[in-house]
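Written below as structure tokens is the structure these notes are about.
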Amino acid sequence: MPKILIVEDEPELVKVLRSYLEKSNFEVITAYRGDSGLTAWEQQNPDLVLLDLNLPGMDGLDVAREIRRKADTPIIMLTARVEEMDQLIGLELGADDYITKPYSPRLVVAKVRAVLRRSVAEPIPSQVLNVLDLEIDLDAHTVHQAGKLVDLTPTEFDLLVAMASQPGRAYARMQLLEASQGAAYEGYERTIDAHIKNLRAKLEVDPKNPKYIETVFGVGYRFARKTSGD
Ligand code: CA
């Protein structure tokens with residue numbers, strides 16, 4: 001389940017957003033101040049942040065700046081300030097989208113889905129991905145491991161690309177389902193486990209002790225971050 005962090009100081013808004021997001025099968029965590037929002041982001045590693053601009057403790061722009069300095073977690077700014085300048089600053093900071101208040105919770109859910117889809121599906125600009133000893137050719141749809149061709153199904157290939165594009169980043173099963181199927185159907189998340197099992201059987205020397213695809217307990221999977229020896 002993708003985890004959404006809401007940083008917003010108006011309890012009524014938080015309540016409504018939480019209810020809509022939870023009904024849409026997102027896990028929701030909340031913070032009512034900018035500084036505690038940043039702490040929550042650091043500790044809980046959400047998949048996306050809904051960030052109010054005007055916050056006590058620490059301004060939303062500063063929170064976004066701090067997050068961007070360290071990671072590329074998607075950010076959607078929520079703002080009651082209508083001045084376009086503020087919105088532009090938000091986007092220049094690397095915010096992925098913004099929503100002006102008052103907004104419909106349905107729109108927020110739709111934007112959250114759209115931004116998450118973009119952030120998972122977006123391949124890196126280079127058409128060949130070199131990670132650990134894998135060479136993944138995005139045009140030819142081939143994978144070589146230490147120079148040797150590995151035979152993957154299209155679904156296994158898409159899953160590998162989604163994860164290997166951002167080593168170290170944890171992906172929820174729903175995100176991987178979207179990345180590999182183009183859509184995520186509730187209740188089908190567990191099919192990802194079967195694909196991961198097959199991928200590991202093809203790539204890993206010891207599938208029980210994976211070197212490429214790691215399990216992130218309670219979340220999903222991630223591609224191993226490059227170690228200094230590689
Ligand atoms: Ca506010």
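Quick note: numbers below take in every heavy atom, side chains included, and nothing from hydrogens, waters or symmetry partners. Because the structure is a prediction, the values reported are computed rather than measured. Counting starts at 1 for both ligands and their atoms, following the listed order.
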- Query: Between D62 and R68, is there a salt bridge with N-O shorter than 4.0 Å?
  - Reply: no
- May I ask you to decide whether D206 forms a salt bridge with K208, counting only side-chain N to carboxylate O separations under 4.0 Å? no
- Count of N, O or S atoms belonging to protein, less than 3.0 Å from the Ca ion (ligand 1): 3
- Item | Qualifying residues under side-chain hydrogen bond (donor to acceptor under 3.5 Å, both in side chains), relative to K111, sequence neighbours excluded | D97
- Query: Tell me, which pairs form a ring-ring contact (aromatic ring centres under 6.0 Å, His included) where one or both residues lie in residues 127-154, sequence neighbours left out?
  - Reply: H141-F157
- Task: Go through the structure and list residues passing side-chain hydrogen bond (donor to acceptor under 3.5 Å, both in side chains) with K148, not counting sequence neighbours.
- Result: none
- Task: Identify whether the distance between the nearest side-chain nitrogen and carboxylate oxygen of R113 and E178 falls below 4.0 Å.
- Result: no
